[in-house]
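First the structure, in the form of structure tokens, and then the observations on it.
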Amino acid sequence: AGRIFLDENGEGAAEVTFKIRKASTEDAEAIVEVFDHVPFLKDCYRGEAGISLVENNPHIFWLADLDGRVASVMIVQRKYDFGRMEISLIVTKPEFRRRDYARGLIHKAKWIAAESKLDLVAYAENDISRDLFISERFTLVPEVQSAEGHPMYRFSGTQIEPC
């Protein structure tokens, strides 16, 4: 769980608590709604296809849940053939950005990877995600990209923060 202190202007005051949790099939519509904020995503993440994807694979989706509202979504998958865990996407709804929801999801991925004894990699879709991964001790893997052309970053920290 995480805490954010905000007042009605989005500045420090009242405590807001969020939790990081695994998605369930009931979260499908809310997850697809978050994905609508990413213009480059393929159609398989949108509409009925996206809902079906979530309902058939809820285990790959993690959420930052703010009092029952999905603020941020992470797709993280084990790639056993490569001996790694992969964060393929983190999306935060615009009204919830810069409030540490994505960072909380990254911390969860670090913990899962450590527990599974797998390397953790991530793909930076833009400068914001790149800066976030770098601030979380990920380093660029030269000349390696996702199918969409996003650069790969590998977690290079030695200690995993508790979740």
Flag for Ser88-Glu86: side-chain donor and acceptor within less than 3.5 Å
no
May I ask you to decide if the ring planes of Phe61 and Phe35 are parallel, tilted or perpendicular, using 30° and 60° as cut-offs?
tilted
With side chains defined as the heavy atoms from C-beta onward, is the minimum distance between Met152 and Arg84 less than 4.5 Å?
yes
Closer than 3.5 angstrom, by distance alone: can the side chain of Asp27 be matched with the main-chain N or O of Ser24 as a donor-acceptor pair?
yes
Could you check whether the rings of Phe138 and Phe133 sit parallel, tilted or perpendicular, using 30° and 60° as the cut-offs?
tilted
Do you know the tightest heavy-atom contact between Ile31 and Ala23?
CD1-CB, 3.7 Å
For residues Ile90 and Leu140: do they belong to one hydrophobic cluster (side chain heavy atoms under 4.5 Å, members Ile, Leu, Val, Met, Phe, Trp, Tyr)?
yes
Identify the two heavy atoms, one from Phe96 and one from Val70, that lie closest to each other, and give their separation to 0.1 Å.
CE1-O, 4.4 Å
Nearest heavy-atom contact between Tyr123 and His150 is CD2-O, 3.4 Å
Shortest non-hydrogen contact from Ala109 toward Ile87:
CB-CD1, 3.6 Å
Flag the pair Ile112 / Met85 as yes when at least one side-chain heavy-atom distance between them is below 4.5 Å, and no otherwise.
yes
Out of curiosity, Glu95 CD to Arg69 CZ, how far, rounded to the nearest 0.5 Å?
7.5 Å
Check this for me: Glu48, atom CD, are more than 12 non-hydrogen atoms of other residues, nucleotides or ligands nearer than 6.0 Å?
no
Connected via hydrophobic side-chain network under 4.5 Å: Ile128 and Leu132
no
Of the non-hydrogen atoms in Ile51 and Val32, which two are nearest, and what is the gap between them?
N-CG2, 3.5 Å
side-chain hydrogen bond (donor to acceptor under 3.5 Å, both in side chains) partner of Ser72, chosen from Thr92, Asp100, Asp65:
Thr92
Taking atom CZ as the centre, does Arg97 end up with more than 12 heavy-atom neighbours from other residues, nucleotides or ligands that are less than 6.0 angstrom away?
yes
Within 6.0 Å of CD in Glu29, more than 12 heavy atoms from elsewhere:
no
Can you tell me how far the CD1 atom of Ile106 sits from the CD1 atom of Ile20, to the nearest 0.5 Å?
10.0 Å
Can you tell me how far the CE atom of Met74 sits from the NZ atom of Lys22, to the nearest 0.5 Å?
10.0 Å
What are the two closest non-hydrogen atoms of Arg21 and Trp62, and how far apart are they?
C-CE3, 3.3 Å
After noting the C-alpha distance and the side-chain angles of Glu136 and His107, does the key distance pass the side chain to side chain contact (heavy atoms under 4.5 Å, CB included) rule?
CA-CA 8 Å; Glu136 286 294 325; His107 287 200; 2.9 Å; yes
Run the numbers on Ile75 and Tyr45 for side chain to side chain contact (heavy atoms under 4.5 Å, CB included), then give the verdict.
CA-CA 11 Å; Ile75 297 176; Tyr45 294 99; 3.6 Å; yes
Shared ILVMFWY cluster between Val76 and Phe155, side chains joined below 4.5 angstrom?
yes
Side chain to side chain contact (heavy atoms under 4.5 Å, CB included) between Ser135 and Arg103, worked out:
CA-CA 10 Å; Ser135 76; Arg103 189 175 303 279; 3.1 Å; yes
Kindly indicate, with the supporting measurements, whether the criterion side chain to side chain contact (heavy atoms under 4.5 Å, CB included) is fulfilled by Lys93 and Glu33.
CA-CA 9 Å; Lys93 291 175 89 172; Glu33 181 183 318; 2.7 Å; yes
Report the distance from atom CD of Gln77 to atom CG of Asn57, rounding to the nearest 0.5 Å.
7.5 Å
Check whether more than 12 heavy atoms from other residues, nucleotides or ligands sit under 6.0 Å from atom CD1 of Ile134, and answer yes or no.
yes
